[in-house]
Novice: 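Quick one: the structure is below, questions incoming.
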Amino acid sequence: MIRYRVKPGTKVKLEAWDPDDREIFDGTKREGRKELDPHTRLEALQDLLYAEGKHRVLVVLQGMDTAGKDGTIRWVFNAMDPLGLRTASFKVPTRHEMAHDYLWRVHKQVPGDGEIVIFNRSHYEDVLVVRVHDLAPRKVWSARYDQINAFERLLAESGTTIVKFYLHIDKDEQKKRLQERLDRPEKRWKFNKGDLEERKLWPSYQKAYEDVLSKTSTAWAPWYVIPANRKWVRNILISNILIDTLEKLDMKFPEPEDLEGVVIE
Ligand code: AMP
Ligand code: MG
């Protein structure tokens with residue numbers, strides 16, 4: 001899994017990362033679902049995380065429109081206990097949010113003890129959409145990479161494990177998925193005409209993502225580039241990385257109180 005991780009300090013060129021890579025799983029979609037289906041290991045680990053109540057886990061999901069952020073949440077996290085899981089989605093900031101620094105709304109949503117929080121978009125929008133659309137001067141957004149690294153370092157040093165996933169699709173795959181949103185009545189609600197305007201800015205976004213991946217993959221908050229043209233490969237890979245990450249926490253169920261002589265009448 002290490003080969004999907006962006007080594008701190010490397011310059012990322014997304015063209016060199018294959019969105020069709022299937023080294024982690026070479027089967028069909030149907031087989032892929034089965035592979036993911038029992039989810040038992042991930043479920044058990046989250047159970048333990050919640051019971052132990054010691055660690056905090058932050059999962060950041062970023063990607064172009066249709067890259068599969070929602071689908072990842074639905075498929076990878078669906079076996080987890082809602083008691084210990086929360087999703088935070090970041091949209092266009094409200095006026096109230098805009099009246100504060102850009103990390104203000106983000107910091108409020110970080111996980112507490114025993115909790116896993118998924119960021120569906122994140123503070124990275126403040127160096128992505130903000131940069132691509134000139135919503136802030138270059139001087140302002142270009143200072144943010146260091147600020148973000150420092151912020152994530154604070155979280156990490158306070159007991160938060162951070163994993164960040166960039167869902168990597170190519171432009172053809174996005175076309176297919178946008179078309180599907182148009183064609184299928186149950187998906188049409190997800191179609192925004194605005195997404196077509198964003199699609200025209202594909203190269204600028206890729207460039208902005210390359211800078212994010214190059215500047216903000218750190219030892220304490222690594223980025224993974226997830227091949228995401230195949231949804232099931234994406235899910236299996238993310239699930240495996242999460243299992244790996246949680247296993248490293250070396251968690252234990254809390255010691256029970258002294259139960260000697262306890263009788264239930
Ligand atoms: P969706 O994820 O499809 O619900 O769309 C949310 C929209 O909010 C996307 O178009 C994002 O680019 C936008 N967004 C999220 N964060 C920010 C931000 N900090 N500044 C401007 N737009 C943002
Ligand atoms: Mg959208």
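We count ligands from 1, going down the list as the structure has it; atoms in each ligand are counted the same way. We count residues from 1, following the sequence as given. All values derive from a computational prediction rather than experimental measurement.
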Novice: Test your reading of the structure: does Lys91 have an N or O sitting under 3.5 Å from an N or O of ligand 1?
Specialist: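 Yes.
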
Novice: Going by distance only, is there an N or O of Val92 that falls short of 3.5 Å from an N or O of ligand 1?
Specialist: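 Checking ligand 1 against Val92, an N or O pair does fall under 3.5 Å apart.
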
Novice: Counting from 1, what ligand 1 atoms have a heavy atom of Arg105 closer than 4.0 Å?
Specialist: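 Per the distance check, 16 (N), 17 (C), 18 (C), 19 (N).
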
Novice: Would you please indicate if the ring centroids of Trp104 and His96 are separated by under 6.0 Å?
Specialist: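 Judged by ring-centre distance (under 6.0 Å), Trp104 and His96 do meet the cut-off.
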
Novice: Run the salt-bridge test on Asp20 and Arg230 with the 4.0 Å N-O cut-off and return the result as yes or no.
Specialist: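 Judged by the 4.0 Å cut-off on N to carboxylate O distance, Asp20 and Arg230 do form a salt bridge.
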
Novice: Using the six-membered ring wherever Trp is involved, compare the ring planes of Phe165 and Tyr224 and label them parallel, tilted or perpendicular (cut-offs 30° and 60°).
Specialist: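 Correct class here is tilted.
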
Novice: Does anything in residues 70-79 pair up under salt bridge (Lys or Arg N to Asp or Glu O under 4.0 Å), and if so which pairs, sequence neighbours excluded?
Specialist: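 Found Asp70-Lys190.
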
Novice: Quick one: CE on Met64 to CG on Asp195, what's the gap to the nearest 0.5 Å?
Specialist: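 Reported value, rounded in 0.5 Å steps: 10.0 Å.
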
Novice: With heavy atoms of Asp126 as the reference, note each atom of ligand 1 found under 4.0 Å away.
Specialist: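 By the 4.0 Å cutoff, the relevant atoms are 19 (N).
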
Novice: Which of the listed options, Glu97, Met98, Glu125, holds the heavy atom that is closest to atom 17 (C) of ligand 1?
Specialist: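 Going through Glu97, Met98, Glu125 one by one, Glu125 has the nearest heavy atom to atom 17 (C) of ligand 1.
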
Novice: At less than 4.0 angstrom from any non-hydrogen atom of Pro93, what atoms of ligand 1 do you find?
Specialist: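 That gives atoms 17 (C), 18 (C), 19 (N), 20 (N), 21 (C) of ligand 1.
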
Novice: On a heavy-atom basis, I'd like to know which of His133, Arg121, Glu198, Lys190 is closest to atom 7 (C) of ligand 1.
Specialist: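 Among His133, Arg121, Glu198, Lys190, the closest heavy atom to atom 7 (C) of ligand 1 belongs to Arg121.
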
Novice: With ring-ring contact (aromatic ring centres under 6.0 Å, His included) as the rule and sequence neighbours excluded, what pairs involving residues 185-218 come up?
Specialist: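 For residues 185-218, and leaving out neighbouring residues, the ring-ring contact (aromatic ring centres under 6.0 Å, His included) pairs sorted by first residue read Tyr166-Tyr209.
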
